[in-house]
Amino acid sequence: MPQAQNTEALDEHLKAVIQALHGAVSRAMPHVKDDPKLVDNAIRDCKEILDVVIEGNVSEWLH
Amino acid sequence: MFKDKIELKDFGKTDPEYQDLLKRVLAIQADCEIGGPNLYVKDMLPSAPTKVDQLVVARTAAEEIDHYRKMARLAGDLGVDVSYVLSWPNEKRYVEAFRGKITTWEHYAVFGFLIDRIGRYQLEEFIDCTYLPLDRVVKDSQVMREEEGHIDFGTNKTAEYAAKDGDYKERIQKAVDYWYVKGLDMFGKSESRRSERYRYWGLKRRTNREARQQYINEVNPLIEKMGLRVPDPLKGRLYL
C-alpha cells in the first residue's frame, strides 16, 4: 500500500507546530502572576501559530 | 465477526469493505480532531476570561492538532491524504456539531464537558480494534489522558458557572441545551447498517444506540448534580 504523498512532510511539520505551541504555553504558565509581558508574548505567539494552522494552507506549509 | 489482527503490511490483503470503512473512519476522526480548534481558537484564544484560560485554550488546541496528526498519519500510511480537512470551512465538516463557531466562554466550557466527552467515546471504540496501528494509537496513554484533561476542564468550568446565580446559570443552561442535543446526534442513527458493518469488521465495539445510552447514563447525573436541567433528549435531534 503506497503511502499518500506528503504524509511524512505533514507529520513532521505538525510535530514542529505542536512543539512550538507546547513550548510557548510551558514557558508562560509558571509566570502568569509575576511576568505579564512574557505571558502576553506567549499568547501572541500561540495565536500566530494557530492562525496559520486554522487557515489550513497545507501546500504553503510544505514548500 | 472478523477477529484477525491487521498490521499495515497486511492491509492491502484485507476485504475491500474493511479497507473502505477503515479509511472512512480515519478521515472522520481526523476531521473531528481538527474540527474543535477550528470552532473555538479564533474567538476564545483572545477573549478567554483569564491568562491561564487563554493558555489552556492554546494547549488544548495543540493537543487536538496532535490527535489530528496521529489520525492523519494512520490514514496517510494507507494511502489516504486527509489534509483536505485542514482547509475545510467549518460548514463542510463531516459531523454537524463542528459546523458552527464557539464565541462565548460558556459554550467553550460546555463543549469540553459534553462534546470532548464524546471524543473520548469515539476513541474508546477503537480500543482492541482489528487494525493494530489504530489500536496502538488509542492505547497510547497520552491521547486518552489529554482528552480526559479537556473533559475535566470543561466539566469544572461548567460546574463553576452553574454554581453562580442568575444570568450566569441561565447562560450555562442555554449552552448545555445547545450542545446536549448536538452531542446525542454525534452517535449517529440508532439503526445504522454502517455501524453494524464497523462492528462486524472489529473496527468499533458498541452500536450507536449502546454508546449513546452509556453517554446519557454518564452525563445526565452530572448535569443534575450541577443543578442544571437535563434537556429534552429528542428536541431538535437530527439522528434518532
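Naming convention: chains lettered A, B, ... in sequence-line order (proteins, then strands); numbering from 1 in each chain.
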### Task
Any chance you could measure A:His31, atom NE2, to B:Leu55, atom CG, to the nearest 0.5 Å?
11.5 Å
#### Entry: Distance in Å, B:Arg69 CZ paired with A:Glu12 CD, rounded so as to fall on 0.5 Å steps
8.0 Å
### Task
Would you name the heavy atoms of B:Ser83 and A:Leu10 that are closest together and state the gap between them?
CB-CD2, 3.8 Å
#### Entry: Heavy-atom pair of closest approach, residues A:Gly56 and B:Ser87
O-CB, 3.3 Å
Count the heavy atoms of every other residue, nucleotide or ligand shown that sit under 6.0 Å from [atom1] of [X], and state whether that count exceeds 12.
X        : atom1 : result
B:Lys92  : NZ    : no
B:Arg194 : CZ    : no
B:Lys23  : NZ    : yes
B:Glu196 : CD    : yes
B:Lys139 : NZ    : yes
B:Phe2   : CZ    : yes

### Message
Please classify the contact between A:Asp40 and chain B as side chain, backbone, both or neither, with a heavy-atom cut-off of under 4.5 Å.
### Response
side chain
#### Entry: Interface moiety of A:Val53 toward chain B, non-hydrogen atoms closer than 4.5 Å
both
In the structure I gave you, are the side-chain heavy atoms of [X] and [Y] within less than 4.5 Å of one another anywhere?
X       : Y       : result
B:Lys51 : A:Pro36 : no
B:Arg59 : A:Leu21 : no
B:Lys42 : A:Ile54 : no
B:Asp66 : A:Leu14 : no
A:Gln5  : B:Asp81 : no
A:Leu50 : B:Val57 : no

### Message
For a side-chain contact (heavy atoms from CB on, under 4.5 Å) check, start with the C-alpha distance between B:Val56 and A:Met29, then their side-chain angles and the critical distance, and finish with the verdict.
### Response
CA-CA 9 Å; B:Val56 168; A:Met29 202 59 101; 4.2 Å; yes
Measure distances from [X] to the heavy atoms of chain A and classify the residue's part below 4.5 Å as side chain, backbone, both or neither.
X       : result
B:Pro89 : neither
B:Val41 : side chain
B:Tyr68 : side chain

### Pick from A:Asp11, A:Val25, A:Asn6 with the largest number of heavy-atom pairs that fall under 4.5 Å of chain B
A:Asp11
### Query
Can you tell which of A:Glu55, A:Arg44, A:Lys47, A:Lys15 has the highest number of heavy-atom pairs within less than 4.5 Å of chain B?
A:Lys15
### Chi angles and distances behind the side-chain contact (heavy atoms from CB on, under 4.5 Å) call for B:Thr50, A:Val32
CA-CA 10 Å; B:Thr50 67; A:Val32 165; over 6 Å; no
